[in-house]
Amino acid sequence: MIKIITREEAFKRAEKIKRENEILYGVPFEIVHRYVDISDLIPTQRELERRKLEIVIEKTIHGYDAPVIVLEYNGKYYLLDGHHRAYARKALKLGFVEAIILRPLKPIKINIEESVEKQGIRKLDDLRIRGNCIL
């Protein structure tokens with residue numbers, strides 16, 4: 001069974017990720033809620049599941065609107081949660097995605113840039129979609 005996150009769950013998840021990062025890095029983070037250009041998103045995972053993507057695309061056509069969760073770091077937007085949601089909006093040629101943005105309030109070193117570089121992912125187009133088409 002494929003689980004699709006709700007708007008409320010996305011905001012709760014963002015708060016949880018915020019708290020985890022504050023503990024991990026020892027600095028406060030803020031949350032900013034706004035729209036982000038899809039082309040500015042840098043994925044942090046390599047693959048998407050085709051079946052889930054097709055379901056998310058279908059739900060998005062019918063108004064599904066759970067925001068993605070993003071880390072803003074060194075002027076870039078790293079997609080932490082919502083890869084299928086962001087890719088679905090891109091596939092539907094929607095230019096922006098609603099985002100819950102996490103930002104550290106003090107300078108810190110996060111290895112996210114190195115991590116995505118090692119995976120060879122710089123934009124949503126770099127993601128692989130695995131699985132068979134069902135629609």
Side-chain angles (χ1 to χ4, degrees):
M1 184 171 149
I2 293 177
K3 172 100 169 79
I4 305 295
I5 189 172
T6 66
R7 278 186 74 74
E8 295 77 23
E9 290 168 332
F11 282 95
K12 286 179 186 174
R13 191 174 289 178
E15 284 292 338
K16 181 180 179 206
I17 294 169
K18 175 185 178 282
R19 285 190 304 276
E20 289 169 349
N21 278 285
E22 288 174 336
I23 292 167
L24 180 64
Y25 295 105
V27 301
F29 278 67
E30 70 176 342
I31 290 182
V32 178
H33 180 213
R34 66 181 169 91
Y35 284 83
V36 174
D37 191 310
I38 287 175
S39 65
D40 289 339
L41 295 177
I42 301 170
T44 58
Q45 73 182 44
R46 185 74 182 120
E47 293 183 337
L48 300 176
E49 176 60 46
R50 183 177 306 278
R51 184 167 180 236
K52 182 174 181 177
L53 179 60
E54 290 170 340
I55 291 168
V56 173
I57 288 171
E58 184 67 27
K59 294 220 178 260
T60 301
I61 289 169
H62 295 289
Y64 177 59
D65 64 349
V68 300
I69 302 170
V70 174
L71 171 67
E72 184 178 344
Y73 182 68
N74 285 343
K76 297 178 181 172
Y77 296 102
Y78 294 93
L79 187 56
L80 301 179
D81 188 76
H83 289 75
H84 288 84
R85 285 171 267 153
Y87 197 95
R89 292 186 65 82
K90 180 180 177 11
L92 294 168
K93 303 198 183 320
L94 303 172
F96 292 87
V97 63
E98 183 181 4
I100 303 166
I101 302 167
L102 305 176
R103 286 187 194 144
L105 292 176
K106 295 181 180 180
I108 57 172
K109 173 69 173 142
I110 300 176
N111 293 328
I112 199 161
E113 293 167 312
E114 294 84 357
S115 175
V116 298
E117 192 66 32
K118 282 181 188 175
Q119 295 182 69
I121 46 178
R122 293 174 185 81
K123 56 188 184 289
L124 289 172
D125 289 333
D126 295 333
L127 297 177
R128 281 184 256 153
I129 300 171
R130 63 182 156 87
N132 295 323
C133 181
I134 60 168
L135 292 180

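Here the CG-CG distance, from Leu71 to Asp81, works out to 12.5 Å after rounding to the nearest 0.5 Å. For the atom pair Leu41 CG and Tyr87 OH, the distance stands at 13.5 Å (nearest 0.5 Å). For the atom pair NZ of Lys123 and CD1 of Ile38, the computed distance is 14.5 Å after rounding to the nearest 0.5 Å. Atoms CD1 and CZ, on Ile101 and Phe29 in that order, are 13.5 Å from each other to the nearest 0.5 Å. With rounding to the nearest 0.5 angstrom, the CZ atom of Arg128 is 10.0 Å from the CZ atom of Arg130. To the nearest 0.5 Å, atom CD of residue Glu98 and atom CZ of residue Arg85 are 10.0 Å apart.
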Determine whether His83 and Val68 satisfy the following criterion, side chain to side chain contact (heavy atoms under 4.5 Å, CB included), listing intermediate values before the conclusion.
CA-CA 8 Å; His83 289 75; Val68 300; over 6 Å; no
Please step through side chain to side chain contact (heavy atoms under 4.5 Å, CB included) for the pair Ile42 and Glu113, ending with a clear verdict.
CA-CA 9 Å; Ile42 301 170; Glu113 293 167 312; over 6 Å; no
Applying side chain to side chain contact (heavy atoms under 4.5 Å, CB included) to Val70 and Leu102, what does each step give before you reach the verdict?
CA-CA 6 Å; Val70 174; Leu102 305 176; over 6 Å; no
Verify side chain to side chain contact (heavy atoms under 4.5 Å, CB included) between His84 and Glu49, making sure each step is shown before the conclusion.
CA-CA 8 Å; His84 288 84; Glu49 176 60 46; 3.9 Å; yes
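Closest of all the heavy-atom pairs between Pro104 and Val27 is CB-CG2, 4.4 Å. Across all non-hydrogen atoms, the minimal contact from Tyr78 to Val116 is CE2-CG2, 3.9 Å. Scanning all heavy atoms of the two residues, the minimum distance from Leu79 to Ala86 falls at CD2-CB, 3.9 Å. Taking each heavy atom of Val36 and Ala99 in turn, the nearest pair found is CG2-CB, 3.7 Å. Nearest heavy atom pair, residue Ala88 against residue Val56, reads CB-CG1, 3.7 Å. Taking all atoms of both residues into account, the shortest heavy-atom contact from Tyr73 to Ile108 is OH-O, 3.1 Å.
Salt bridge present: Lys109 and Glu114 bring a charged side-chain N and a carboxylate O closer than 4.0 Å. Taking 4.0 Å as the cut-off between side-chain N and carboxylate O, Lys90 and Asp125 count as a salt-bridged pair. Using a 4.0 Å cut-off between charged side-chain N and carboxylate O, Arg122 and Glu117 make a salt bridge. Taking the charged nitrogens against the carboxylate oxygens, Glu9 and Lys3 do have a contact shorter than 4.0 Å, which makes a salt bridge. Under the 4.0 Å criterion applied to side-chain N and carboxylate O atoms, Lys12 and Glu8 are not assigned as salt-bridge partners. Between Glu30 and Lys18 there is no salt bridge, since none of the side-chain N atoms of the basic residue sits less than 4.0 Å from a carboxylate O of the acidic one.
Put simply, the side chain of Gln119 never gets that close to the backbone of Ile121: no donor and acceptor are under 3.5 Å apart. When atom types are taken as modelled, the side chain of Asn74 and the backbone of Lys76 share no donor-acceptor pair closer than 3.5 angstrom.
Looking only at side-chain heavy atoms (C-beta outward), Val97 and Tyr77 stay at 4.5 Å or farther from each other. Two residues are said to be in side-chain contact when any heavy atoms from C-beta on lie closer than 4.5 Å; Thr44 and Ser115 fail this criterion. Residues Ile5 and Arg13 are in side-chain contact: their nearest non-hydrogen atoms beyond the backbone lie under 4.5 Å apart.
Counting only residues at least two apart or on different chains, the ring pair (Phe, Tyr, Trp, His ring centres under 6.0 Å) pairs with a member in residues 9-28 are Phe11-His33.
Taking hydrophobic clusters as Ile, Leu, Val, Met, Phe, Trp and Tyr residues chained together by side-chain heavy-atom distances below 4.5 Å, Ile112 shares a cluster with Leu24. There is no path of hydrophobic side-chain contacts, each under 4.5 Å, that joins Ile100 to Tyr35. Both Ile69 and Ile31 are members of a single hydrophobic cluster when ILVMFWY side chains are connected at heavy-atom separations under 4.5 Å. Linking Ile, Leu, Val, Met, Phe, Trp and Tyr residues whenever their side-chain heavy atoms come within less than 4.5 Å leaves Ile55 and Leu92 in two separate clusters. Hydrophobic clustering, with ILVMFWY side chains joined whenever heavy atoms are under 4.5 angstrom apart, keeps Leu94 apart from Tyr64.
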